[in-house]
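Side chains included, hydrogens not; waters and symmetry mates left out as well; all remaining heavy atoms used. A quick note: this is a predicted structure, and the numbers were derived from the prediction, not measured. Reminder, nothing fancy here: chain letters follow the sequence lines and each chain counts from 1.
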Amino acid sequence: MSKYPHGEIEKKWQAIWAETGLFRLDTRSARPKYYCLMMFPYPSGELHVGHGRNYIIGDALARFKKMEGYELLAPMGWDAFGLPAENAAIQHDIHPAKWTRDNIAKMKRQFIDWGVVYDWTREVTSCQPEYYKWTQWLFLRLYHAGLAYRKAASVNWCPSCKTVLANEQVIDGQCERCCTPIEERYLEQWFLKITEFADKLLEELDGLKEWPERVITMQRNWIDRSFGVQMEFRIKGTDRSLQCFTTRPDTIYGATFMVVSPEHPEVARLAARSPRQKEIRRAVDQFIADKRSGKARTEPSKEGLFLDAYAENPMTGEDIPIYVAPYVLMEYGTGAIMAVPAHDQRDFEFAQRYHLQIREVIRPADGSSTLPQAAYVGEGLIVNSGPFNGLDSRDAIQSVASEFEARGIGRRTVNYRLRDWLVSRQRYWGAPIPMVHCPSCGVVPVDEKDLPVLLPEVVDFRPRGDGKSPLATNEKFRSVACPKCGGPAERDTDTMDTFVDSSWYFLRYLSPHADEKPFDGELVNRWLPVDQYVGGVEHAILHLLYARFIVKFLHAQGLVGFSEPFARLFTQGMVCKDGVKMSKSKGNVVSPDTLISRLGADTMRLYILFSGPPERDIEWNDESVEGCHRFLNRVWRLFCEHNDVIDQSVTGAIKYDTLSESERVLFRKTHWTIDRMLADIADNFHFNTAISAAMELSNTMTSFAETAAIAPGSNAGKTLRFAFDALIRLLAPMTPHFSEELWRRMGHTGSIFDERMPQPDACYVTRETFDLVIQINSKIRARVCVPAGTAAEDLRQIALSNQRVKELLADKHPQQVIVIPDKLVNIVVR
RNA sequence: GCCGGAGUGGUGAAACUGGUAGACGCAGGGGACUCAAAAUCCCCCGGACCUCUGGUCCGUGUCGGUUCAAAUCCGACCUCCGGCACCA
């Protein structure tokens, strides 16, 4: 039997879509807007079917929305700067620019082969000067707003990539790219003050109702805000004091010692006064070395050392010993803590190890304290705390905080886990940071009108390992006149983290070629927030947090009218094979090219969408792909055998009353399918169940068409034509070439994507009859076919008078009869 | 350790606010067509049992509970996956 000529059809329609600009946006359209955005990819080379899934889900969604009547913005671009391009370029000895350009061409070709369509007139490429000019502009704006600053900081250094990494790029103490253990270095770096927006970033998460709950949770945990008190402890015998932060000021009377981080500046000063100076220094050096080697991360211990010094507990007036221990982190709070062993498990373990005093100051009302086996960290009644005795600990938090403030030795404050964003990279392939270092004026920003600061093409871009960017070797690039005094100065030779590039690209799509502004404020305000953002969960924290930050900044500057960029977020699952994520390095990739030449792009699309709900991971199965191909062939054959009937020119209105029973069944099945497929896709992009509904309809149509000869224009013919018409339109987002071709062969002249989705008629979405389930004591005992909508009382009577029910009930009397209309009757007997 | 998510046939998965568990596929078994194969079409396909054109019982990770009725709700636990992890 004839197979449909997928190769020929697909090439034909791909050419037509490109020529007619299927998804070309008309910004002046009166139709409601829909901004459907895919996370723009890193141009890493050839894509496998695992990558393909992302784009196919997005494309199916875009086509669906178009057919729902929206004016669609579906752009695509390239996150083209970054480490992998450079690493690969070094390996293959070609320029990163060429490598990137070649990959982009390959990937574009693949999108076309898959039938994935974008408005390519809006393509943006982050490594092009016309784009990164505005990334630099963004940096300058941040700088002028005081949100970009330079700080000598202990940074994560990857000895293999020879660059600094952001905290976010360090996974388990290793580089996220090459898994080399991270070293710590102390360098001058550029930071963006994301912490300035920490509260907004946290609070506005509540408004993101259409984001996956887990992404919201991950962001919330990442920011991790805690309210507390920063307080001052005088160091005995000196005129200095230690600042520490606590969320539990209510436990102050239980603070029997203090602990400072090995990196705390006070450690050296205190050590200098100690007779054990050498011993202390050696131990502290060891702590720091362990931390840098990542050892401390894997085996947390409550090791520490007494510093031969005491502080005064400002509430009890007691002298309490000061220890140094690596469990206190320099990066959080003040790098020093008041230790309350009775009510903090870490302090408890430390106190046990060094036999320090453990004083209970909170007693739970129900006697549930875990002391003396473990710290009691819950709420309770304040004891052993002078004037605060008898208070509830929750109230005591406020009372003690107020007391500190009243005495001027503490203040209420907020701490975040979120750190400022380190954005400078000692790498070549990125947007140069538009700053100049002048011996007389200091750090001077480049003038906006002098942007872009062009990345020089010819540079020995291999990394050096001396903490400097390859750009530092380019004398021509480096030396520049100071924008302020005109004297000889040097450019900053670092480039920006690529997450800066990707934090604003979705604004650029509205005016991709504007060379006088980064984005068109008016268009952006009309088209954003993005209606649907689609991408992988791996960006749940980094990219999405940075993009939110930058939009909040632009909002604060009055440059955009919204403060959240993405109204709705969808994170799709991965494609696995043999139980693990499909990837080149695992050697389990399936090439889309071979699959397409054998079975066609529509089959690949259909399979990918059918094999599971899009938010979940799917396991690739070559055999199941065949099943999808068979389905398309069946539909094709159905058309070929009945094309005279299905031809659009023979249509006529269907009069339901004149239909035969089998025609009514098919007619209703069609309405049911329309209803279900539209709901499944609209609801959560559940293409998998939508496709199974399409298969059901196709099965019904096939058996309908086999029972009798069908004449064009007859009731049977009109009903079949109606069903086919609906099926083809409903399938179009999933199998676009296939649907376009059949649509054309039905006699239509335009594109199916200029059509609307069929709409269900509520009176026909249910079946005319249904099988009433009759249960006795919740066990199914009989089924009876009855008309839909039969009244509850009638259903009750049907059930009770059923022959089999009577037999089974015998002389027993129903105690209760539960009737669920259009479903079942449950007769309860005891 | 804390915070999320998930456990359903041989397999991918369905099951809308509790109401027929396993739709729709894949694999498998049997048959038709064919010299044969491919393709296509038809039938069977969770388990156990019985007096086998039918019927009974069991079955959605485990154990309890609520309910006429639980994959679905509640409680405890087990396993897997993801995120965070000495955050004061």
**OP:** Treat primed atoms plus P, OP1 and OP2 as sugar-phosphate and everything else as base, then score nucleotides 7-22 of chain B 5' to 3': B for base contact with protein heavy atoms under 4.0 Å, S for sugar-phosphate contact only, - for none.
**Re:** -----BSS----BBS-
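- Taking the six-membered ring where the residue is Trp, A:Y4 and A:F738 present perpendicular rings, their angle passing 60° and hence far from 30°.
- Relative ring orientation between A:Y327 and A:F350 is described as tilted, the plane-to-plane angle lying within the 30° to 60° band.
- Comparing B:rC86, B:rC84, B:rA88 by their closest approach to the side chain of A:V328 singles out B:rA88.
- For the C1' atom pair drawn from B:rU11 and B:rU66, the interatomic distance equals 35 Å after rounding to whole Å.
- As rounded to the nearest Å, B:rG31 and B:rC45 have C1' atoms that lie 15 Å from one another.
- Between B:rC86 and B:rG19, the distance separating the two P atoms is 45 Å to the nearest Å.
- When side chains are defined from C-beta on, A:M734 counts as touching A:L606, because their heavy atoms get closer than 4.5 Å.
- Nucleotide B:rA69 holds its P atom 11 Å from the CD atom of A:Q815, rounded to whole Å.
- For A:R214, counting side-chain heavy atoms from C-beta on, the closest listed nucleotide (B:rC3, B:rG4, B:rC68) is B:rG4.
- Side-chain contact between A:I235 and A:E266 is present, with heavy atoms from C-beta onward closer than 4.5 Å.
- Spacing of C1' atoms, B:rA6 relative to B:rU60, comes out at 13 Å, to the nearest Å.
- The gap from the P atom of B:rG46 to that of B:rG22 amounts to 10 Å, rounded to the nearest Å.
- Near RNA chain B, meaning a heavy atom under 4.0 Å from it, residues 244-257 of chain A has A:F245, A:T246, A:T247 in order of number.
- Summarising the geometry, the separation between CD on A:E213 and C1' on B:rG5 is reported as 11 Å, rounded to the nearest angstrom.
- A:Q815 places none of its side-chain heavy atoms less than 4.5 Å from the side chain of A:V829.
- Proximity of a side-chain donor or acceptor of A:S393 to a complementary backbone N or O of A:G380 within less than 3.5 Å is detected.
- Among the protein residues, A:R804 comes within range of the sugar-phosphate backbone only, with heavy atoms under 4.0 Å from sugar or phosphate atoms but none that close to a base.
- Contact annotation: the side chain of A:S261 never approaches that of A:L329 to less than 4.5 Å [non-hydrogen atoms, C-beta and beyond].
- Nearest to the side-chain atoms of A:R781 among the listed nucleotides B:rU40, B:rA23, B:rC57 stands B:rC57.
- Going from the P atom of B:rG9 to that of B:rA13 covers 11 Å, rounded to whole Å.
- Look at the C1' atom in both B:rU8 and B:rG59: the space between them is 10 Å, to the nearest Å.
- The two residues A:A782 and A:N802 have their closest heavy-atom pair at CB-OD1, 4.0 Å.
- Rounded to the nearest 0.5 Å, atoms OG1 (A:T769) and CZ (A:R668) are 9.0 Å apart.
- With contacts defined as side-chain heavy-atom distances shorter than 4.5 Å, the pair A:R783/A:F770 does not qualify.
- Using a 4.0 Å heavy-atom criterion, one finds that A:T334 contacts no nucleic acid atom at all.
- Within the 4.5 Å cutoff, the side chain of A:R598 has no heavy atoms near those of the A:V625 side chain.
- Residue A:N699 is in sugar-phosphate contact alone, with no base atom involved, counting any heavy-atom pair closer than 4.0 Å across all strands shown.
- In RNA chain B, runs of at least 3 consecutive Watson-Crick or G-U pairs, each pair with both distances below 3.5 Å, span B:1-7 with B:78-84, B:10-12 with B:24-26, B:28-32 with B:40-44, B:46-50 with B:54-58, B:61-65 with B:73-77.
- Here B:rG25 is the nucleotide among B:rC58, B:rG25, B:rC3 with the atom lying nearest to any side-chain atom of A:R634.
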